[in-house]
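Down below is the structure, laid out as structure tokens.
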Amino acid sequence: MKKILSFALAAIMLLSVALLCVSCTEPEIEEEKPILKMGTNAYFKPYEYYDGEKIVGIDAEIAAAIADYLGYKLEIVDMEFDSIITAVKGGEVDFGMAGMTITPDRLLEVDFSSSYATGVQSIIVPAGSPIKTADDLFAEGATYKVGVQLGTTGDIYATEDLGADRVTAYPNANNAVIALKNKDIDCVIIDNEPAKALVKDNEGLQILDTAYANESYAICVKKGNTELLDKINEAIVALTKDGTIKTIVGKYIK
Ligand code: GLN
């Protein structure tokens with residue numbers, strides 16, 4: 001009798017261990033989170049770019065941290081930079097984040113969060129270019145052609161300063177650099193960190209020492225969407241305080 005009992009006990013124990021193992025290997029059912037859609041242009045390394053199929057970079061990671069902090073799942077939608085504000089206004093995406101500079105004109109169309117990073121407009125030239133400083137571009141009689149990304153601050157400033165005839169706007173940074181290498185244009189005006197990445201990835205190019213403009217990057221939301229804007233600002237404060245944003249930036253900018 002004792003033997004039977006201990007046998008039964010052993011069997012029960014074995015069964016429960018087996019059951020426990022089944023439950024522990026079963027995938028955890030992920031709790032359904034609401035989705036937060038971000039519009040960006042993923043040709044802007046190190047802020048947003050493709051690593052295989054995945055969009056990574058400073059903005060992609062900060063956005064994921066913000067979404068996580070607020071209890072959302074982040075979805076990134078890649079589009080031309082020039083379409084982001086339209087997509088935000090039309091509600092196709094909840095917010096835009098693309099190394100986007102706060103400008104007076106954009107403030108008429110969307111609302112911006114507090115700034116999470118700063119940028120500088122730089123000038124990329126081929127090695128040995130006669131353009132040595134920003135002033136060479138503006139010199140009397142200068143005819144140098146400038147490439148920019150459509151709808152960016154580089155586009156806005158260059159068109160203002162040099163006139164539309166001397167400026168060609170490309171859909172993204174890669175297209176502008178290809179045109180520069182083809183000698184269709186004499187320089188590219190673009191944000192400094194993407195400029196560094198482009199020069200690193202493309203031989204025979206260099207960045208001029210003189211900068212063109214200093215700016216602040218922020219996240220944009222549909223005008224009047226204070227509910228989301230307040231949440232994003234709260235997340236930026238918290239993620240700045242706990243060092244998350246600094247760690248993410250440090251991962252991409254040495
Ligand atoms: N900072 C620039 C702007 O806001 C460029 C941004 C970008 O090309 N992604 O216009």
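These values consider heavy atoms only, across backbone and side chains, with no hydrogens, waters or symmetry-generated copies. Every number for a ligand or one of its atoms is a count from 1 in the order of the listing. Note that the structure is a prediction, hence the values are computed from the model and not measured.
- Given atom 8 (O) of ligand 1, the protein heavy atom at minimum distance is Q149 NE2, 2.9 Å.
- More than 12 heavy atoms of other residues, nucleotides or ligands lie within 6.0 Å of CG in N182, so this atom counts as buried by the packing criterion.
- Side chains of E234 and Y69: a donor on one and an acceptor on the other come within 3.5 Å.
- Counting the atoms of ligand 1 from 1 in the order shown, those under 4.0 Å from a heavy atom of Y217 are 1 (N).
- Y252 and E61 share a side-chain donor-acceptor pair at under 3.5 Å.
- For ligand 1, one of its N or O atoms has an N or O atom of A98 under 3.5 Å away.
- Ring to ring, Y47 and Y217 are close: their centroids are under 6.0 angstrom apart.
- Nearest to atom 10 (O) of ligand 1 among the protein's heavy atoms is T153 N, 2.7 Å.
- Checking T244 against D242 by side-chain atom types alone, a donor-acceptor pair falls below 3.5 Å.
- Below 3.5 Å of separation, one finds an N or O of D191 facing an N or O of ligand 1.
- No heavy atom of Y47 sits closer than 4.0 Å to any atom of ligand 1.
- A donor-acceptor pair is defined here as one N or O able to donate and one able to accept, closer than 3.5 Å; no such pair exists between the side chain of D111 and the backbone of V221.
- No heavy atom of G119 sits closer than 4.0 Å to any atom of ligand 1.
- Listed by chain and residue number, K45 satisfy the salt bridge (Lys or Arg N to Asp or Glu O under 4.0 Å) test with D201 (two or more places apart in sequence, or in another chain).
- Listed by number with element, the atoms of ligand 1 under 4.0 angstrom from any heavy atom of E215 are 1 (N), 2 (C).
- Note that OG of S122 is 11.0 Å distant from CG of L198, once rounded to the nearest 0.5 Å.
- Ligand 1 has no atom lying under 4.0 Å from any heavy atom of E48.
- The part of R106 lying near ligand 1 is the side chain, judged by heavy-atom distances below 4.0 Å.
- Of all protein heavy atoms, the one closest to atom 6 (C) of ligand 1 is G99 O, 3.3 Å.
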